[in-house]
S.K.: 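Provided herewith is a single structure, encoded as structure tokens, for subsequent inquiry.
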There are 2 protein chains.
Amino acid sequence: MSITQKNQQSLCPLRHILNVFSGKWKLPIVCMLAAGKPLRYSSIKRKIGDITNVMLSQSLKELERDGIVHREQYNEVPPRVEYSLTDKGKDVVPVIQQAAQWALKDMQQSLACGANCEQCFTTK
Amino acid sequence: MSITQKNQQSLCPLRHILNVFSGKWKLPIVCMLAAGKPLRYSSIKRKIGDITNVMLSQSLKELERDGIVHREQYNEVPPRVEYSLTDKGKDVVPVIQQAAQWALKDMQQSLACGANCEQCFTTK
DNA sequence: CTGAATCCATCCCGATACTG
DNA sequence: CAGTATCGGGATGGATTCAG
């Protein structure tokens with residue numbers, strides 16, 4: 001399980017936000033959902049590209065537990081599940097955008113790269 | 001070494017900022033330095049409290065390599081080293097503050113805790 | 001005082017295979 | 001389609017000891 005669970009007693013807000021969003025995949029996932037449209041499991045997986053089922057389902061489960069994403073399951077055949085951001089999740093988006101801005105500027109200065117990443121807010 | 005080195009080719013700004021600031025201690029360290037006054041090694045260690053030498057020196061070294069903190073060494077006896085934020089490091093402070101704001105609000109809602117942490121911007 | 005060296009436990013992440 | 005089960009490598013965080 002994630003680091004989030006064991007240290008729920010660590011009261012520092014910064015530790016808290018790191019607990020919620022650290023890991024390799026959570027920010028990319030939130031970014032995809034930030035567009036507003038609910039996405040299906042396979043859709044997220046396809047957009048991210050190189051994520052495995054284990055990491056995707058685990059990340060989604062933890063984000064759901066932490067109140068960032070909402071999971072809506074439709075009992076159909078074949079099964080359909082859609083993920084979207086909760087209100088709390090939408091609240092973080094500006095913060096992430098600001099962070100991405102800083103990071104982009106930093107990267108341009110130090111690496112002169114174009115940030116051709118499809119997964120974050122800085123593209124286009 | 002940090003994850004930062006191997007994936008320098010990962011061009012996503014969000015990955016970049018996570019690379020620079022993830023880990024258990026870097027944000028607390030930056031927070032202490034954000035007050036503006038240069039701090040000595042032992043001073044940082046005392047303020048954080050439960051960090052070991054290994055983690056502190058490693059974190060500082062990586063933050064220095066990434067251009068966030070500046071290390072000033074005075075050749076005296078006993079040796080004295082002072083750490084402070086670079087301009088780039090100061091630029092991140094507002095972002096971290098915003099993040100801490102969100103996290104604090106989130107924690108108050110879900111845990112009703114008082115965030116009695118000395119290490120972050122939300123105290124006092 | 002400011003670290004470096006060594007050793008060790010944990011856990012994050014991933015590949016592969018399988019299920020309702 | 002939307003996941004779970006299992007196994008394993010490598011990174012990360014830490015205790016202890018030692019050094020300039």
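Within every chain, numbering begins at 1; the chains are lettered A, B, ... in the order of the sequence lines, protein sequences first and strands thereafter.
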S.K.: Measuring from the side chain of B:Trp25 (C-beta onward, heavy atoms only), which nucleotide among C:dA15, D:dG14, C:dT2 has the closest atom?
M.R.: D:dG14
S.K.: Tell me which residues in residues 71-86 of chain A lie within less than 4.0 Å of DNA chain D, going by non-hydrogen atoms.
M.R.: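 Residues of residues 71-86 of chain A under 4.0 Å from DNA chain D: A:Arg71, A:Pro78, A:Pro79, A:Arg80, A:Val81, A:Tyr83.
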S.K.: Do the side chains of B:Glu62 and B:Leu60 get nearer than 4.5 Å, heavy atoms only?
M.R.: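 Contact flag for B:Leu60/B:Glu62 side chains = no.
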S.K.: Could you check how far CZ of B:Arg15 sits from P of C:dC13, rounded to whole Å?
M.R.: 10 Å
S.K.: List, one per line, each side-chain donor-acceptor pair under 3.5 Å for residues 77-86 of chain A, sequence neighbours excluded.
M.R.:
| unit_1 | atom_1 | unit_2 | atom_2 | d |
| --- | --- | --- | --- | --- |
| A:Arg80 | NE | A:Glu76 | OE1 | 3.3 |
| A:Arg80 | NH1 | A:Glu82 | OE2 | 3.1 |
| A:Arg80 | NH2 | A:Glu76 | OE2 | 3.2 |
| A:Thr86 | OG1 | A:Gly67 | O | 2.6 |
| A:Thr86 | OG1 | A:Ile68 | O | 3.1 |
| A:Thr86 | OG1 | A:Lys88 | N | 3.4 |
| A:Thr86 | OG1 | A:Gly89 | N | 3.1 |

S.K.: A:Asn53 has a side chain; which of C:dC1, C:dA17, C:dG14 sits nearest to it?
M.R.: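 Between C:dC1, C:dA17, C:dG14, the one nearest the side chain of A:Asn53 would be C:dA17.
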S.K.: Closest approach to the side chain of B:Lys61, judged atom by atom: which nucleotide of D:dG14, C:dT2, C:dA4 is it?
M.R.: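 Comparing D:dG14, C:dT2, C:dA4 against the side chain of B:Lys61, the answer is C:dA4.
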S.K.: Please report, rounded to the nearest Å, how far the C1' atom of D:dG3 is from the CD atom of A:Glu64.
M.R.: 13 Å
S.K.: Starting from C1' on C:dT2, measure out to CE on B:Met55 and report it in whole angstrom.
M.R.: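 Distance, rounded to whole Å: 17 Å.
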S.K.: According to a strict under-4.0 Å criterion, is B:Ser57 in side-chain N/O contact with OP1 or OP2 of C:dT2?
M.R.: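 So the side-chain polar atoms of B:Ser57 never come under 4.0 Å of the phosphate oxygens OP1 or OP2 of C:dT2.
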S.K.: Round to a whole Å and report the spacing from CD1 of A:Ile48 to P of C:dG14.
M.R.: 11 Å
S.K.: Could you tell me how far apart A:Asn19 (CG) and D:dT12 (C1') are, to the nearest whole angstrom?
M.R.: 15 Å
S.K.: Would you mind reporting whether B:Val93 and B:Asp91 have side-chain heavy atoms less than 4.5 Å apart?
M.R.: no
S.K.: I'd like to check A:Leu33 versus A:Ile29 (side-chain heavy atoms, cut-off strictly below 4.5 Å). Are they in contact?
M.R.: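 Side chain of A:Leu33 against side chain of A:Ile29, heavy atoms only: contact under 4.5 Å found.
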S.K.: Expressed as a whole number of angstroms, how long is the span from B:Lys24:NZ to C:dC12:P?
M.R.: 12 Å
S.K.: Which nucleotide, D:dT4, C:dA5, D:dA5, lies nearest any side-chain atom of B:Val54?
M.R.: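 Taking heavy atoms from C-beta onward, the closest nucleotide is C:dA5.
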S.K.: How many Å lie between CG on A:Leu56 and P on C:dC12, as a whole number?
M.R.: 17 Å
S.K.: Can you see if the side chain of B:Arg40 gets near the phosphate of C:dC1 - specifically, an N or O under 4.0 Å from OP1 or OP2?
M.R.: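 It does not, given that no N or O in the side chain of B:Arg40 lies less than 4.0 Å from OP1 or OP2 of C:dC1.
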S.K.: Less than 4.5 Å apart, side chain to side chain, heavy atoms only: is that true for A:Asn53 and A:Lys45?
M.R.: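 Heavy-atom side-chain distance check passes, below 4.5 Å.
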S.K.: How close or far is atom P of D:dG13 from atom CG of B:Leu27, stated in whole angstroms?
M.R.: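 To the nearest whole Å, that distance equals 12 Å.
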S.K.: Is it true that a side-chain atom of B:Ser43 and a backbone atom of B:Leu39 form a donor plus acceptor pair closer than 3.5 Å?
M.R.: no
S.K.: Just so I know, are the side chains of A:Trp25 and A:Thr52 near enough to count as touching, which here means a heavy-atom distance under 4.5 Å?
M.R.: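 No, their side chains stay 4.5 Å or more apart.
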S.K.: Within the structure, does a side-chain N or O atom of B:Ser42 lie under 4.0 Å from either OP1 or OP2 of C:dT2?
M.R.: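 Yes, because at least one side-chain N or O of B:Ser42 sits under 4.0 Å from OP1 or OP2 of C:dT2.
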